[in-house]
Amino acid sequence: MDSLQQRSSTVQEPPGAVPADRHTPPTWQPRTDPAPLLPEAEPLRVLGTDAVADADPALLLRLYAELIRGRRYNTQATALTKQGRLAVYPSTTGQEACEIAAALALEERDWLFPSYRDTLAAVARGLDPVQALTLLRGDWHTGYDPHEHRIAPLCTPLATQLPHAVGLAHAARLKGDDVVALAMVGDGGTSEGDFHEALNFAAVWQAPVVFLVQNNGFAISVPLAKQTAAPSLAHKAVGYGMPGRLVDGNDAVAVHQVLTEAVARARRGGGPTLVEAVTYRIDAHTNADDATRYRTADEVEAWRAHDPILILERELTERGLLDEDGRRAAAEAAETMAAELRERMNADPVLDPMELFSHVYAEQTTQLREQAAQLRAELEAEGEA
């Protein structure tokens with residue numbers, strides 16, 4: 001019996017175990033105080049509050065013009081899918097404030113890492129609208145030179161762009177380059193392992209990265225409540241040792257303020273920040289989605305009342321910064337952009353099948369050379385026939 005008790009005790013208390021009457025040794029203690037990392041209790045807002053008095057009128061007007069242009073870009077791109085000119089388009093109607101603020105918060109030398117839904121952010125950063133849609137059109141490769149524009153390729157796999165952003169930012173800091181990477185992801189992407197890995201590496205390395213989560217309520221049809229039980233997605237930052245910020249994603253001024261602060265913090269060596277922007281996807285997930293199967297019309301209409309354009313337009317009008325002429329000028333500029341986009345997208349691209357083998361590797365592999373030769377022979381035979 002004594003032998004059995006001894007073996008049982010050995011299993012329950014392995015050699016070196018801390019006796020029950022002693023406190024846990026100090027090695028568990030956090031490296032940072034968690035309190036300053038906690039996000040706001042409620043999403044930060046500027047529009048409609050006293051804080052808006054400090055906002056730069058020029059910035060407010062620029063945000064408004066970009067929002068009007070962005071909304072028209074979304075409606076035109078959606079129409080192009082119905083005309084067969086785009087294979088698919090994930091609209092950001094209702095989320096334009098996040099897209100525009102992300103683009104404007106960065107300096108020219110910084111990098112933007114977008115997801116497949118963030119074509120508008122790329123366009124707001126200066127990318128040609130047609131080039132931004134090339135991937136969604138089904139044409140070759142990305143459609144633009146990432147290094148030239150400091151915009152990584154639009155990323156269709158969920159969250160895989162986040163570790164890339166961390167790697168680039170960490171490498172830039174090692175080289176002494178004054179560069180910040182801003183990585184965009186949806187709420188669905190926070191359920192991916194790449195999200196965890198990116199945030200963990202970024203915090204340990206103190207990489208100059210800003211993570212922007214656009215929480216639009218649904219991962220396609222899966223509501224946020226079925227993805228996480230956390231108080232907010234911004235609270236996840238604390239577990240990695242970085243600050244979390246919670247902001248009203250439809251308040252363009254508030255999103256711009258939070259992202260600008262996070263970018264500045266990263267640039268001066270303060271490390272990464274996780275920003276959750278609470279917004280809503282007014283349109284379906286893509287043109288292939290039927291959103292009525294998982295949400296109600298009343299829910300959508302409630303969010304239309306909190307439209308990012310409406311709440312900013314109301315503020316500008318009340319302050320006397322926007323009149324009918326200003327609205328008309330913004331609308332006409334947006335329509336000019338849409339007309340040019342429509343005209344250029346209606347032109348059939350000239351495609352060279354041999355480009356399938358370009359830019360796959362710096363030096364073609366034996367298999368690629370064989371495949372290229374086979375295709376070339378087939379094309380020549382077809383031409384002769």
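All of these numbers come straight from a predicted model, not from anything done at the bench.
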Short question: side chain of [X], backbone of [Y] - any donor-acceptor pair under 3.5 Å?
X: Arg125; Y: Glu108; answer: yes
X: Arg281; Y: Asp283; answer: yes
X: Tyr240; Y: Glu197; answer: no
X: Glu192; Y: Thr160; answer: no
X: Glu340; Y: Met337; answer: no
X: Asp251; Y: Val46; answer: yes
X: Ser232; Y: His235; answer: yes
X: Asp177; Y: Val179; answer: no
X: Arg265; Y: Gly271; answer: yes
X: Arg267; Y: Asp178; answer: yes

Kindly determine whether Leu135 and Thr119 satisfy side-chain contact (heavy atoms from CB on, under 4.5 Å), including the steps that lead there. CA-CA 10 Å; Leu135 180 68; Thr119 52; over 6 Å; no
Can you tell me if CD on Glu42 sees more than 12 non-hydrogen neighbours from other groups inside 6.0 Å? no
Are side-chain heavy atoms of [X] and [Y] found at a separation under 4.5 Å?
X: Gln161; Y: Pro114; result: no
X: Phe113; Y: Asp118; result: no
X: Met184; Y: Phe211; result: no
X: Cys155; Y: Tyr116; result: no
X: Leu316; Y: Leu61; result: yes
X: Ile309; Y: Ile68; result: yes
X: Ile151; Y: Trp111; result: no
X: Asp187; Y: Gln227; result: yes

Rounded at 0.5 Å granularity, tell me how far [atom1] in [X] sits from [atom2] in [Y].
X: Thr228; Y: Lys226; atom1: OG1; atom2: NZ; value: 14.5 Å
X: Glu66; Y: Glu96; atom1: CD; atom2: CD; value: 11.5 Å
X: Phe195; Y: Asn200; atom1: CZ; atom2: CG; value: 11.0 Å
X: Asp307; Y: Ile282; atom1: CG; atom2: CD1; value: 7.0 Å
X: Glu261; Y: Gln257; atom1: CD; atom2: CD; value: 4.5 Å
X: Thr292; Y: Arg295; atom1: OG1; atom2: CZ; value: 9.0 Å

Could you label the plane-to-plane angle of the Trp205 and His170 rings as parallel, tilted or perpendicular, counting under 30° as parallel and over 60° as perpendicular? parallel
Hey, any chance [X] and [Y] share a hydrophobic cluster, counting ILVMFWY side chains that come within less than 4.5 Å of each other, even indirectly?
X: Leu212; Y: Val278; answer: no
X: Leu104; Y: Leu312; answer: yes
X: Leu351; Y: Met345; answer: no
X: Leu59; Y: Ile311; answer: yes
X: Val300; Y: Tyr294; answer: yes

In terms of side-chain geometry, is the basic nitrogen of [X] or [Y] positioned less than 4.0 Å from the acidic oxygen of its partner?
X: Asp325; Y: Arg328; answer: yes
X: Arg117; Y: Glu99; answer: no
X: Arg150; Y: Asp110; answer: no
X: Arg72; Y: Glu335; answer: yes
X: Arg327; Y: Glu313; answer: yes

So which atom in [X] and which in [Y] form the shortest heavy-atom distance, rounded to 0.1 Å?
X: Ser115; Y: Leu154; value: O-CD2, 3.5 Å
X: Val238; Y: Pro34; value: CG1-CB, 4.0 Å
X: Val247; Y: Val255; value: CG2-N, 3.8 Å

Between Thr286 and Asp289, a side-chain donor and acceptor under 3.5 Å: no
Without hydrogens or angle criteria, can the side chains of Gln214 and Thr279 be said to hold a donor-acceptor pair below 3.5 Å? no
Evaluate the side-chain contact (heavy atoms from CB on, under 4.5 Å) criterion for residues Arg314 and Leu47: first the C-alpha distance (whole Å), next the side-chain angles of each, then the deciding distance (0.1 Å), finally the verdict. CA-CA 9 Å; Arg314 184 184 307 125; Leu47 295 173; over 6 Å; no
Under the side-chain contact (heavy atoms from CB on, under 4.5 Å) rule, what do Tyr64 and Leu321 come out as? Steps first, then yes or no, please. CA-CA 11 Å; Tyr64 177 75; Leu321 297 173; over 6 Å; no
Less than 6.0 Å separating the ring centroids of His306 and Tyr280? no
Report the residue from Thr81, Asn287, Thr134 that forms a side chain to side chain contact (heavy atoms under 4.5 Å, CB included) with Leu86. Thr81
The single option from Asn74, Leu120, Ile100, Val123 passing side chain to side chain contact (heavy atoms under 4.5 Å, CB included) against Arg69: Val123
Run the numbers on Thr78 and Thr75 for side-chain contact (heavy atoms from CB on, under 4.5 Å), then give the verdict. CA-CA 5 Å; Thr78 300; Thr75 57; 5.7 Å; no
